[in-house]
Novice: 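Dropping the structure in here first, questions after.
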Amino acid sequence: MTVGGKLAREELADGRQKVPESLLEQIDASLQARIWIVDRQGIIVASSEARKTHWMGVRLDPEEISSVLAGQILVQRGTTRRYGIPMITVGLPVRSNGRVVGAVIMNSPVAMVRSSIRQVEMLVLYAALVAVLLSALFGLVISRSISLPLRKMGRTALKMAEGDYRQKIEVASEDEVGQLGQALNHLAVSLDQTVSALYKQEKVRRDFVANVSHELRTPLTSIRGFVEPLIDGTVQDPQTKDRYLRIIREETERLKRLINDLLEMARLESEGIPVELVPLDISDVIVPVTGGLQPVAEKKGVQLACRFPADLPRVLGDRDRLRQVALNLVDNAIRFTPEGGRITVEAQAAGQMVNIAVCDTGTGIAREDLPFIWDRFYKADKSHTPSEQGTGLGLSIVKLIVEAHGGEVKVESEPGKGSCFYFTLRQA
């Protein structure tokens with residue numbers, strides 16, 4: 001006996017313990033589907049036909065299982081080599097801690113469901129022929145109560161095999177047919193949630209990579225476009241050189257801000273946000289921030305003012321993190337407020353919370369953009385230059401920090417009239 005053989009038998013035994021054969025047989029009988037549980041090596045460790053066939057321990061061919069073990073959902077229809085009849089095959093990967101550790105394969109004969117329906121219809125028909133009119137009427141009722149749900153279940157099963165998990169069966173009874181319908185509905189909901197979550201995660205990942213690539217490419221392209229004329233001597237005029245160098249410096253600063261925001265966002269999402277909540281006066285946090293940004297606002301011709309009541313309660317917060325929130329919100333307000341506008345930072349007690357508002361008379365945000373402004377890289381106003389827009393990460397960071405404090409963020413805005421960003425903090 002080799003060590004490998006011993007390990008294989010142990011793995012198969014472990015698979016049978018984790019997935020009872022009786023349960024697989026019940027599902028097989030209910031769904032008319034042959035079910036295999038396959039490990040990472042493509043070996044069948046549990047089967048709904050374990051007592052009838054020799055499937056246990058069989059290693060599937062790579063072309064049968066490789067796509068599922070790679071994390072993909074397999075749906076195919078056709079005559080299989082192992083059964084020799086038309087089958088609908090569905091394969092779903094099984095994950096543990098984000099890693100594919102095996103798969104569930106379901107082989108369902110296409111003709112089985114149709115055959116069952118036809119047999120039930122024939123039985124009902126024969127009963128109606130030998131019964132009295134009342135029995136015929138009763139038989140018709142029984143026929144409809146059985147065949148219609150089975151037809152719906154058959155159609156639902158086929159839709160599920162095609163990847164549509166939104167189909168639902170109307171359950172009108174609590175008998176075995178009704179329980180089977182409930183089981184199929186529950187299975188459809190579970191599969192739909194699982195597949196939707198996978199698609200959503202994949203979409204978020206693709207969008208994030210695309211956005212990062214675009215945001216990094218834009219300043220790099222600009223820098224290259226202004227560096228090349230300086231290197232090859234195309235630009236000789238000192239004023240033009242100075243202008244090119246200033247643009248290169250601005251784009252470099254923008255690139256630096258983007259990278260810093262990306263690193264901050266990645267750290268906050270992966271490690272969480274460590275906050276040290278201590279009682280503090282929120283005006284002591286925000287007033288220095290607005291004071292530091294006052295020269296920027298004056299240079300742009302924007303009024304910037306703070307209004308805090310003398311009896312404002314203290315809040316529980318992390319001074320550095322709340323400074324980061326105020327800096328992002330006030331800087332955004334300055335960026336999107338035209339010359340002659342004004343920005344006001346206010347705070348007031350509201351129950352057990354303190355509500356802080358940053359309001360401006362800027363360009364405002366369109367109604368259709370409001371639900372998405374907290375998303376990473378989302379920029380509501382596409383008409384501004386990149387330097388005016390920022391990185392598109394500031395509001396996402398604000399939301400993470402405020403929620404780590406147990407507060408909430410929201411926005412009210414009207415195009416052409418300005419915006420008000422609110423966040424709440426617990427009173428000390």
Novice: May I ask you to decide if Gln41's main-chain N or O and Arg59's side chain share a donor-acceptor pair within less than 3.5 Å?
Specialist: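 Between the backbone of Gln41 and the side chain of Arg59 there is a qualifying donor-acceptor contact (under 3.5 Å).
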Novice: So which heavy atom on Val100 is nearest to which on Gly71, and how close?
Specialist: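 Where Val100 meets Gly71 most closely, the heavy atoms are CG2-CA, 3.9 Å.
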Novice: For the side chain of Arg34 and the backbone of Ser47, is there at least one donor-acceptor N/O pair under 3.5 Å apart?
Specialist: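 No, the answer is negative, given that no donor and acceptor are paired below the 3.5 Å cut-off.
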Novice: Closest approach of Gly225 and Pro229, non-hydrogen atoms and distance?
Specialist: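 In this case the closest contact between Gly225 and Pro229 is O-CD, 3.0 Å.
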Novice: For Glu63, is there any backbone N or O sitting under 3.5 Å from a side-chain donor or acceptor partner on Asp61?
Specialist: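 No.
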Novice: What's the separation between atom CD1 in Ile343 and atom OG1 in Thr290, rounded to the nearest 0.5 Å?
Specialist: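 The OG1 atom of Thr290 is 10.5 Å from CD1 of Ile343, to the nearest 0.5 Å.
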Novice: Do Trp36 and Asn107 have side chains that approach each other closer than 4.5 Å (heavy atoms only, starting at C-beta)?
Specialist: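 A side-chain contact exists here, since the closest heavy-atom pair is under 4.5 Å.
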Novice: Report yes if the side chains of Val104 and Ile37 come closer than 4.5 Å at any heavy-atom pair, otherwise no.
Specialist: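 When only atoms from C-beta onward are counted, Ile37 and Val104 do touch, with a gap below 4.5 Å.
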Novice: Locate the shortest heavy-atom distance separating Ala103 from Val68; write the atom from each residue and the value.
Specialist: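 That would be CB-CG1, 3.4 Å.
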Novice: Please check: side-chain N/O of Ser48 versus main-chain N/O of Ile35, any donor-acceptor pairing under 3.5 Å?
Specialist: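 A pair under 3.5 Å: yes.
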Novice: Using a 3.5 Å distance criterion without hydrogens, assess whether the side chain of Arg426 forms a donor-acceptor pair with backbone atoms of Leu316.
Specialist: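 No, the answer is negative, given that no donor and acceptor are paired below the 3.5 Å cut-off.
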Novice: Does the side chain of Leu395 come within less than 4.5 Å of Val409's, by heavy atoms?
Specialist: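 Side chain of Val409 against side chain of Leu395, heavy atoms only: no contact under 4.5 Å found.
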Novice: Donor-acceptor check, side chain of Asn97 to backbone of Arg99, threshold 3.5 angstrom: yes or no?
Specialist: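 No; zero donor-acceptor contacts below 3.5 Å.
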Novice: Using modelled atom types only, decide if a donor and an acceptor are shared between the side chain of Thr424 and the backbone of Val354 within a distance under 3.5 Å.
Specialist: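 No.
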Novice: How long is the straight-line distance from CG of Leu322 back to CG of Leu277, given to the nearest 0.5 Å?
Specialist: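 Output value for this atom pair is 8.5 Å.
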Novice: Any idea which heavy atoms bring Asp281 and Arg314 closest together, and the distance?
Specialist: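 Nearest pair, atom of Asp281 first, then Arg314: N-NH1, 4.0 Å.
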Novice: Run the side-chain hydrogen bond (donor to acceptor under 3.5 Å, both in side chains) test against Glu403 and tell me which residues pass, sequence neighbours left out.
Specialist: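 Here the qualifying residues are Lys399.
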Novice: How close do Asp369 and Ile365 get, counting heavy atoms only, and between which atoms?
Specialist: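 Result for this residue pair: CB-CG2, 3.8 Å.
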Novice: Rounded to the nearest 0.5 Å, how far apart are CZ of Arg319 and CD of Glu276?
Specialist: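 Between atom CZ of Arg319 and atom CD of Glu276 there are 11.0 Å.
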Novice: Would you call Ile397 and Val325 a side-chain contact if the rule is heavy atoms closer than 4.5 Å?
Specialist: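 They are not in side-chain contact.
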Novice: Kindly write out the residues that satisfy salt bridge (Lys or Arg N to Asp or Glu O under 4.0 Å) with Arg224, not counting sequence neighbours, or none if the list is empty.
Specialist: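 With neighbours one apart ignored, the set is Glu228.
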Novice: Judged by atom type as modelled, is there a donor-acceptor pair below 3.5 Å linking the side chain of Asp284 to the main-chain atoms of Val287?
Specialist: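 Checked: no pair found.
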Novice: With sequence neighbours excluded, what pairs up with Asp331 under the salt bridge (Lys or Arg N to Asp or Glu O under 4.0 Å) test?
Specialist: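 Checked Asp331 against salt bridge (Lys or Arg N to Asp or Glu O under 4.0 Å); matches are Arg335.
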Novice: I'd like to know if the side chain of Arg40 reaches the main chain of Leu69, judged simply by a donor and an acceptor atom lying under 3.5 Å from each other, with no hydrogens or angles considered.
Specialist: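 Checking the backbone N and O of Leu69 against the side chain of Arg40, a donor-acceptor pair under 3.5 Å is found.
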Novice: Do Asn332 and Phe421 have side-chain heavy atoms sitting under 4.5 Å apart?
Specialist: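 Asn332 vs Phe421: side chains apart.
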Novice: Distance check, rounded to the nearest 0.5 Å: Ile282 atom CD1 versus Gln427 atom CD?
Specialist: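 Reported to 0.5 Å precision, the distance equals 12.0 Å.
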Novice: Which residues pass the ring-ring contact (aromatic ring centres under 6.0 Å, His included) test with Tyr422, sequence neighbours left out?
Specialist: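 Applying ring-ring contact (aromatic ring centres under 6.0 Å, His included) to Tyr422 gives none.
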Novice: If only atom types and distance count, is the side chain of His405 paired as donor or acceptor with the main-chain N or O of Asp318 below 3.5 Å?
Specialist: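 Such a contact is found between His405 side chain and Asp318 backbone.
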Novice: Could you tell me if the side chain of Val289 sits less than 4.5 Å from the side chain of Val345, heavy atoms only?
Specialist: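 SC-SC contact between Val345 and Val289 ruled out.
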Novice: What is the distance from atom CG of Leu425 to atom CD1 of Ile356, rounded to the nearest 0.5 Å?
Specialist: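 The CG atom of Leu425 sits 4.5 Å away from the CD1 atom of Ile356.
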Novice: Can you tell me how far CD1 of Ile105 sits from OG1 of Thr89, rounded to the nearest 0.5 angstrom?
Specialist: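 It comes to 8.0 Å.
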Novice: Could you please spell out the steps behind the side chain to side chain contact (heavy atoms under 4.5 Å, CB included) verdict for Val94 and Val38?
Specialist: CA-CA 9 Å; Val94 178; Val38 181; over 6 Å; no
Novice: Do Val315 and Val285 have side-chain heavy atoms sitting under 4.5 Å apart?
Specialist: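 Val315 vs Val285: side chains apart.
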Novice: Show every salt bridge (charged side-chain N to carboxylate O under 4.0 Å, His left out) that has at least one partner inside residues 353-363, sequence neighbours left out.
Specialist: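 Output for this query is empty, none listed.
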Novice: Under 4.5 Å between any side-chain heavy atoms of Ile401 and Asn328, yes or no?
Specialist: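 Answer no - side chains too far apart.
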Novice: Would you please name every residue forming a salt bridge (Lys or Arg N to Asp or Glu O under 4.0 Å) with Lys417, sequence neighbours left out?
Specialist: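 Once residues adjacent in sequence are excluded, the partners of Lys417 under the salt bridge (Lys or Arg N to Asp or Glu O under 4.0 Å) criterion are Glu414.
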Novice: So, for Ser419 and Ser413, which heavy atoms are closest and what is the spacing to 0.1 Å?
Specialist: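 Scanning both residues, the minimum pair turns out to be OG-OG, 2.7 Å.
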Novice: Side chain to side chain contact (heavy atoms under 4.5 Å, CB included), that's the test. Do Val358 and Ile286 meet it? Break it down for me.
Specialist: CA-CA 11 Å; Val358 179; Ile286 296 180; over 6 Å; no
